[in-house]
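Residue numbers count from 1 along this sequence.
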Amino acid sequence: MNAFERYNLWLSSADISDAAKFELRDIKDSSAEIIERFYTELDFGTAGLRGVLGMGDNRMNIYTVRKATEGLARYLTALPEPEIKSVCIAYDSRRNSDLFARETACVLAAHGIQVYLYSTLHSVPQLSFAVTHLHCTAGVVITASHNPPKYKGYKVYWGHGGQVGPTEAAAITAEIRKLEGFATKYMPYQEGLNSGRITLIGREVDEVYYAYTLSLLQNPAKARANGALLTLVYTPLHGSGYVPVTNILRRMGIQNVHVVEQQRLPNPDFPTVSAPNPEDPKAFTLAFKLAEKVGASVILATDPDADRLGVCVKTKEGKWVPLTGNQIGCILIHSLLTAKQAAGTLPADGLVVKSLVSTCLADAICAKFNVECREVLTGFRFIAEQMDICEREGTPQFLFGFEESYGFLTGTRVHDKDAVCAAMLIAETCAALAGEGRTLYDLLEEIYQTYGYYIESVKSYTLEGKAGIEKIRAAMRALRKAPPCAFGDFTVAQTRDYTDSGATGLPPSDVLRYAIQGGATLIVRPSGTEPKLKVYVGASADTEAGAKQNADALIAAADGVLRGLLFGRQ
């Protein structure tokens with residue numbers, strides 16, 4: 001069926017509510033809007049579903065959520081083990097998150113699947129932890145991470161606590177595609193509660209998560225002793241991080257924690273920011289004002305589902321500087337390895353895992369400590385896969401994983417980005433430095449002095465809708481058809497195409513990596529969760545100015561090439 005036939009099917013179906021039909025009738029005179037909503041169905045992949053809220057096959061709504069859950073339920077019930085399947089469900093502060101979570105629970109319960117549902121909003125790392133703690137077959141989080149308010153997502157986790165892999169995602173997709181119409185199995189919510197098929201998760205699971213997270217402190221006694229010396233500001237950006245992050249900071253002994261009041265409570269409209277993204281310095285505007293008022297030396301921010309952590313530090317000149325995800329990751333790696341080496345607990349077979357678009361400074365730090373730094377594809381599930389390999393084979397010992405997109409993880413009982421734990425580890429490092437009269441900025445400078453200056457830059461091109469996706473695909477095809485020999489004055493020494501797994505040793509992925517003569521790198525890839533084409537560059541030098549100059553020039557040269565491919569010569 002074409003888009004208009006699908007549109008009419010929704011309008012004529014008895015399974016679609018009057019309110020939904022009213023929304024659809026409102027676009028009856030807009031062919032473009034009908035096509036955008038119905039030209040395709042939302043893809044179900046390893047990141048689950050992600051899309052704009054609204055009615056239609058290509059939108060996030062209760063019907064696409066029920067359909068995805070029906071496919072998940074059918075796949076789960078067909079598995080031979082265990083006999084009784086169970087799923088844990090969490091949700092963030094976005095529009096309809098609680099509704100979509102209940103709808104998910106009602107479909108699963110109707111299939112005889114035991115559901116454990118958080119009764120209040122909870123973070124991604126807490127869901128990941130709960131999946132394994134409750135011995136669930138799978139997990140679901142209703143979230144769209146740090147995207148603008150109009151977006152919604154549905155992420156599926158597997159029994160190890162990490163996101164589903166390609167095999168499971170393909171099998172669930174196959175079940176979804178078998179479905180016809182809109183009818184799914186469904187157990188009314190109250191009936192699910194009364195029957196015990198739906199169980200609400202209480203605080204006892206939170207307490208176990210807190211205890212585990214606190215066990216990852218490298219020197220808890222020192223953190224508590226220096227806790228009074230540190231003053232920090234924290235903002236949850238209207239999301240799910242407030243309760244777990246403040247709990248952890250208080251319990252580890254950080255006494256002077258000031259929360260941005262205007263951003264403390266959950267709010268699906270995120271009214272104080274253009275997007276609730278800790279990668280965006282503008283998200284810290286209110287935090288900067290509070291930090292100046294209370295005399296803080298560091299600011300922490302988490303996104304709505306509290307899997308990403310942003311950090312701002314104050315320089316000697318009194319200027320607030322947002323740290324990049326690469327800088328935060330390297331600070332955490334350096335602090336972790338230094339603490340373990342000092343305590344005599346650094347294993348001979350230690351492993352740090354990073355995404356291929358993350359900084360090479362991590363490799364340099366790991367080399368000094370004789371720790372392996374392993375590179376994987378972008379997407380935290382690939383880091384979780386390495387954790388599973390370590391656990392299964394008994395070696396190497398996983399120590400830390402990170403992505404430049406502000407995702408960090410240590411420990412082994414959470415299998416996704418954990419901003420709650422990362423906030424704790426940053427606070428521990430800051431408290432230790434405060435005891436020495438130093439700051440996080442001082443430590444970063446020390447790292448650069450030791451290993452050299454590494455500067456990275458990322459540029460994104462947002463192209464929404466069907467036309468945007470086609471432009472991104474066309475640009476990637478053009479780069480492969482006629483591989484650039486240079487980007488401006490930067491000569492390409494080697495091109496690596498990650499669709500060829502035989503050449504990379506990694507699963508096929510739509511990524512192009514260019515090694516630039518002189519040591520810089522340039523990577524081009526479409527985003528897996530957003531309508532974006534992303535470009536990453538990295539350069540190093542003995543001086544900050546030299547590294548920055550090379551990185552800036554390379555990103556500008558790449559921009560000239562990609563704008564021509566995406567938008568035509570202007």
Side-chain angles (χ1 to χ4, degrees), residues 278-279 281 308-313 321-338 350-369 371-380 382-383 386 399-410 417 419 422 425-426 429 440-441 443-460 490 496 498 506 511-516 518-525 527 534-555 558:
E279 300 178 49
R308 284 177 167 86
L309 175 74
V311 180
C312 285
V313 297
V321 177
L323 299 184
T324 68
N326 284 315
Q327 290 172 325
I328 298 168
C330 287
I331 286 170
L332 289 173
I333 292 169
H334 182 271
S335 298
L336 180 70
L337 300 185
T338 298
L351 174 68
V352 168
V353 186
K354 64 165 187 146
S355 65
L356 65 90
V357 298
S358 298
T359 180
C360 292
L361 176 55
D363 301 75
I365 295 171
C366 289
K368 181 183 178 184
F369 287 90
V371 167
E372 178 187 356
C373 188
R374 188 175 296 176
E375 190 173 86
V376 296
L377 295 175
T378 302
F380 223 84
F382 294 107
I383 294 175
Q386 295 301 314
L399 298 175
F400 190 80
F402 86 103
E403 292 183 323
E404 58 77 36
S405 55
Y406 294 67
F408 318 101
L409 177 67
T410 190
K417 301 181 287 288
L425 295 179
I426 284 289
T429 298
L440 208 59
Y441 189 78
L443 177 59
L444 181 62
E445 281 297 312
E446 177 186 307
I447 291 172
Y448 283 140
Q449 290 292 331
T450 303
Y451 301 101
Y453 285 87
Y454 288 73
I455 300 293
E456 294 79 32
S457 185
V458 182
K459 188 171 184 63
S460 297
F490 294 87
R496 178 173 290 187
Y498 283 76
L506 298 172
V511 178
L512 290 167
R513 183 176 193 165
Y514 304 93
I516 305 299
T521 59
L522 189 153
I523 296 172
V524 183
R525 60 175 283 269
S527 171
K534 306 187 80 171
V535 183
Y536 308 78
V537 304
S540 61
D542 293 333
T543 65
E544 181 179 10
K548 187 176 188 306
Q549 180 179 358
N550 289 338
D552 288 347
L554 181 53
I555 200 78

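Within a 6.0 Å radius of CD in E446, other residues, nucleotides and ligands contribute more than 12 heavy atoms.
In this structure, CD on E456 lies 12.0 Å from CG on L554, to the nearest 0.5 angstrom. In this structure, OG in S540 is found 10.0 Å from CD1 in I455, a value given to the nearest 0.5 Å. Put simply, CG on L425 and CG on L336 are 7.5 Å apart, with the number rounded to the nearest 0.5 Å. Rounding to the nearest 0.5 Å gives a distance of 6.0 Å between CG of L332 and OG1 of T429.
Using a 4.0 Å cut-off between charged side-chain N and carboxylate O, E279 and R308 make a salt bridge.
For A551 against V537, the heavy-atom pair with the smallest separation is O-CG2, 3.7 Å. For V535 against A558, the heavy-atom pair with the smallest separation is CG1-CB, 4.1 Å. Residue L323 comes nearest to Y406 through the heavy atom pair O-OH, 3.0 Å, listed as atom of the first residue, atom of the second, then distance. A547 approaches A541 most closely through the heavy-atom pair N-CB, 3.5 Å. Minimum interatomic distance between L361 and G452 (heavy atoms only, all atoms of both residues): CD1-O, 4.5 Å. Closest of all the heavy-atom pairs between P278 and G310 is CB-N, 3.6 Å.
In this structure the side chain of T338 reaches within 4.5 angstrom of the side chain of F369, judged on heavy atoms. Under the 4.5 Å side-chain criterion, counting only non-hydrogen atoms from C-beta, S405 is not in contact with V458. Taking the side chain as every heavy atom from C-beta outward, V511 and V524 never approach each other to under 4.5 Å. Counting heavy atoms from C-beta on, the side chains of T521 and I516 never come closer than 4.5 Å. The shortest distance between side-chain heavy atoms of I447 and I365 falls below 4.5 Å. Within the 4.5 Å cutoff, no side-chain heavy atoms of F402 are placed close to those of L409. Between L443 and H334 there is a side-chain heavy-atom pair separated by less than 4.5 Å.
Side-chain contact annotation: S358 with S355, donor-acceptor N/O pair under 3.5 Å present. Using modelled atom types and a 3.5 Å distance limit, the side chains of Y454 and E544 yield no donor-acceptor pair. For the residue pair Y536 and R525, a side-chain donor N or O sits within less than 3.5 Å of a side-chain acceptor on the partner.
The backbone N or O of Q327 lies less than 3.5 Å from a partner atom in the side chain of T324, making a donor-acceptor pair. Of the possible polar contacts, none joining the E403 side chain to the T378 backbone as a donor-acceptor pair under 3.5 Å is found.
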Apply side chain to side chain contact (heavy atoms under 4.5 Å, CB included) to F408 and F400, showing your working. CA-CA 8 Å; F408 318 101; F400 190 80; 3.9 Å; yes

Please step through side chain to side chain contact (heavy atoms under 4.5 Å, CB included) for the pair L356 and Y498, ending with a clear verdict. CA-CA 11 Å; L356 65 90; Y498 283 76; 3.8 Å; yes

Test side chain to side chain contact (heavy atoms under 4.5 Å, CB included) on Y451 and K368; report intermediate values, then the result. CA-CA 9 Å; Y451 301 101; K368 181 183 178 184; 3.1 Å; yes

Audit row: E404, K417, salt bridge (charged side-chain N to carboxylate O under 4.0 Å, His left out) steps and yes/no: CA-CA 12 Å; E404 58 77 36; K417 301 181 287 288; over 6 Å; no

Report the C-alpha distance between C330 and T359 in whole Å, list the side-chain angles of each, state the deciding distance to 0.1 Å, and finish with yes or no for side chain to side chain contact (heavy atoms under 4.5 Å, CB included). CA-CA 8 Å; C330 287; T359 180; 3.5 Å; yes

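For the side chain to side chain contact (heavy atoms under 4.5 Å, CB included) with L399, the lone residue among I333, T410, V371 that qualifies is V371.
Relative orientation of the Y448 and Y453 rings is parallel, given thresholds of 30° and 60° on the angle between their planes.
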